[in-house]
Amino acid sequence: MMDRLNPEQRAAVTLPSGHALVLAGAGSGKTSVLTSRMAWLIQTGQVSPHGLAAVTFTNKAAREMLTRLTSLLPIDTRGMWVGTFHGLCNRLLRMHYRDAGLVQTFQILDTADQLASIKRMVKANNVDDEKFPPKEIQKFINACKEDGQRPGDLEAHDPHRRRLIELYQLYQEQCEREGVVDFGELLLRAYELLSRNAPIREHYQRRFKHILVDEFQDTNVLQYRWLRLLAGDQACMFAVGDDDQSIYAFRGANVGNMADFERDYARGNVIRLEQNYRSCGHILDSANALIENNSGRLGKNLWTDSGEGELVRISELASDALEAQWIVDEVRALIAEGKPRREIAILYRSNAQSRVIEHRLFSQGLPYKVYGGHRFFERQEIKHVLAYLRLMDNADDDTAFLRVVNFPTRGIGARSVEQLADLARERGTSLLRAIPYLQGRAAASLMRFSNLIQDMASQAQILSLPELIEHVVHDSTLLAHYQADREGAERLENLQELVNAATVFVGEEGFAELPAGRVPEAVAGESEQAMQNPDQPAASVLAPMSPLGSFLTHASLEAGDNQAQAGQDAIQLMTIHAAKGLEFDAVFITGLEEGLFPHENSLFDPGGIEEERRLMYVAITRARQRLYITLAQSRMLHGQTRYAMRSRFLEELPEQHIKWLSARYTSTPMQSEASSGAFRRGQSWESKDKSYSAQPYGGRSHTSVLEVNGQTFRVGQGVHHNRFGEGTIINLTGQGDDAQALIQFREVGSKTLALAIAKLDPVS
DNA sequence: CTTATGGGCTTTTTT
DNA sequence: AGCCCATAAG
């Protein structure tokens, strides 16, 4: 195990008992160190698998850790505490739900559910949603929870804030009534459970001798406090992180935790891993140079001994469509040279950018896989089925109720629901439970809905989970609804996929033979001695869950990883955030434009630009052998064409490491136009001196006269544009919808405009 | 009262 | 391009 580690890595892995902070640069073998450390601790008998906890941020990272661990040591990892913060907190709360003040069947709200819940609360309390937009309330509540603060801990400096705190309180009461918790609540509840309940706290403090934390730079204030509580003064903390890869400040991550950790725990025990085993020289040096522009770093400089490698290739295109085209042409060239598709990644700053690229990949028949964005469990048809299931599992879940009470439509409109809501409030019960007490018009149709849910719930006692889901899809008339919909085919496929997912889930969890709604007698693995301890409060009871309940939890916590067609060799599309922790032979970073990357919203808050820069740093360091960076002069955004300048980050990359593949559009358009078409020669992937198949403009025809939408354009003609003013057409390319004009404007320099979109008036 | 339709408005990143 | 809301039609 040790022979594959370098001296620094080995030092970290075999550090004697005590706390340590490992500053692990990108590609420095961080995961390897973490898992080797776990294996070493177990193998040398310093701790049993049972006495070890490892925390990550993503489910993917947790799985990876377990996989690697079992390859190092043949041990049984079931029952080990390896998981995400949210996953482990969920586990804790399930085991001690009573002490945590939760109902046994509590379900988890994802971000969208939470927003819907807040909107409902806003409406029920006649809050002015102009003054208090639900999104803002949501942000406020989540920020409070990330800071560990309850409504009672907050001070009202002004009336607006006072109201926000009241709304936070009202929202909490609503969640309580409905038996649901949001992501932030998961962590805060678990923290409060440990801090208030001494026997439980001491039990876990005795149990865990070693706590390892991955991606420590991403922890927020509450998570750090939770870790400290869990560790007590006995456990050893081993934190691995990289301040240069801190990209989650927007959701409360506090890089300052690293410095605090060094002060509180690690003291002298700080180990730097600076040798990079991933990227070649030019790529790594570009990343180093870029991140130099940030202030207040803990300091670290990555190096490699794998040689200079290839230059970073930058290409500037006229539009987002052309950018996509260029990228896809390049991708095809890479594939033609034998590069596996899964080793090619296309990264972007925001999910909206994926559309154009997907479109192009699709039309070229290239298999690709989009990560993140619209995740499987977040699709509307899936959420609908899940809402039916949730309602069956928990009649108090008003969020679920409102989602499906009239979907597909069954004659229960807003008015009926409002009446029902009034009645429910009067009687202090949930919407579904209030139905039998309803009088008047709406009573009949709502009663039918109530019966529908009850029938489904009784089927849960007989059918397995996959069977149950099929029945729900049918009986809810979702099936008929999507069959009737012209665009429903894909949704139906997804519903089938949900049934498949349930089959897989039920098998993995050992629920296969059990009816969906049945709670197993005993739960393997987790029962342990925990509750047999004499100092455990008697009220604490293990919370076994039905297959249905477990599946719903699974759907909320692991919405991210759509395991569908995971094995296929496909081009990888994802946001830069989603790419963290991954690596590829060839990487495209797209949309290097001011306003997009760095994103315009980041310009406001202090530190925003630096976070964007770290994001760029993360993106660059994903590449092993070849890195492309692209940008588009114009981009369709919100249905409007927007024009942007080159990203400042491009200027921060040293010239000796980069190579511009396209013309650099400057204020002298003739020059840039002249160079187009002739410049795309260079090293091919493996053999030298082979030219690329792709041309930046896809071999478009150049003409001097073009007609688009009945309007004639010719080179040399004067035109007027609403935004750019007057200019002269320098060049015309393409035809029809693809027709473009390169125009030299008097005021703003040269621009390439799509003639089908841009409004141009002729000027004499 | 419900449902369908069209217009206005928005959009960072995620457990 | 999609979501929410107002408005008009059943």
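Worth knowing before you read on, the calculation uses all heavy atoms, side chains too, and leaves out hydrogens, waters and symmetry mates. Protein chains get the first letters and strands the later ones, always in sequence-line order, with residue 1 at the start of each.
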Just checking [X]: base, sugar-phosphate only, or nothing, at a heavy-atom cut-off of under 4.0 Å?
X: A/Ser602; result: nothing
X: A/Tyr248; result: sugar-phosphate
X: A/Lys135; result: sugar-phosphate
X: A/Ala442; result: nothing
X: A/Gln419; result: sugar-phosphate
X: A/Phe57; result: sugar-phosphate
X: A/Arg251; result: base

Roughly how many Å is it from [atom1] in [X] to [atom2] in [N], rounded to a whole number?
X: A/Arg614; N: B/dT13; atom1: CZ; atom2: P; value: 18 Å
X: A/Asp320; N: C/dA1; atom1: CG; atom2: P; value: 12 Å
X: A/Met616; N: B/dT13; atom1: CE; atom2: P; value: 18 Å
X: A/Gln223; N: B/dT14; atom1: CD; atom2: P; value: 16 Å
X: A/Tyr371; N: B/dT14; atom1: OH; atom2: C1'; value: 17 Å
X: A/Ile412; N: B/dT3; atom1: CD1; atom2: P; value: 9 Å
X: A/Phe597; N: B/dT11; atom1: CZ; atom2: P; value: 21 Å
X: A/Arg403; N: C/dC4; atom1: CZ; atom2: C1'; value: 14 Å

If you check every side-chain atom of [X], which of [options] has the closest atom?
X: A/Arg355; options: B/dC1, B/dT14, C/dG2; result: C/dG2
X: A/Phe250; options: B/dT13, B/dT3, B/dT2; result: B/dT13
X: A/Lys119; options: C/dA1, B/dC1, C/dC4; result: C/dC4
X: A/Asn601; options: B/dT13, B/dT2, B/dT11; result: B/dT11

Note to self: For a quick test of reading the model, state the closest non-hydrogen atom pair linking A/Ile357 to A/Ala324 and the distance between them.
What the structure shows: CA-CB, 4.0 Å
Next item on the list: May I ask you to say whether A/Lys30 pairs ionically with A/Asp242, meaning some side-chain N is under 4.0 Å from a carboxylate O?
Entry: no
Next item on the list: Could you go through the side chain to side chain donor-acceptor pair (under 3.5 Å) check for A/Ser556 and A/Asp110 one step at a time?
Entry: CA-CA 6 Å; A/Ser556 326; A/Asp110 67 16; over 6 Å; no
[N] phosphate, OP1 or OP2, under 4.0 Å from [X] side-chain N/O:
X: A/Asn406; N: B/dT3; answer: yes
X: A/Asn351; N: B/dT13; answer: yes
X: A/Arg410; N: B/dT3; answer: no

Checklist line | Given DNA chain B, 5'-ward residue of the pair A/Ser350 and A/Gly413, judged by closest heavy atom | finding: A/Gly413
Margin query: On DNA chain B, compare the nucleotides closest to A/Glu611 and A/Gly411; which residue's is nearer the 5' end?
Written below: A/Gly411
Checklist line | Test: A/Arg648 cationic atom under 6.0 Å from A/Phe597 six-membered ring centre, within 45° of axis | finding: no
Note to self: Could you check whether A/Gln325 and A/Glu323, counting side-chain N and O atoms only, form a donor-acceptor pair closer than 3.5 Å?
What the structure shows: no
Checklist line | Identified side chain to side chain contact (heavy atoms under 4.5 Å, CB included) counterpart of A/Thr84 within the set A/Asn59, A/Leu557, A/Asp214 | finding: A/Asn59
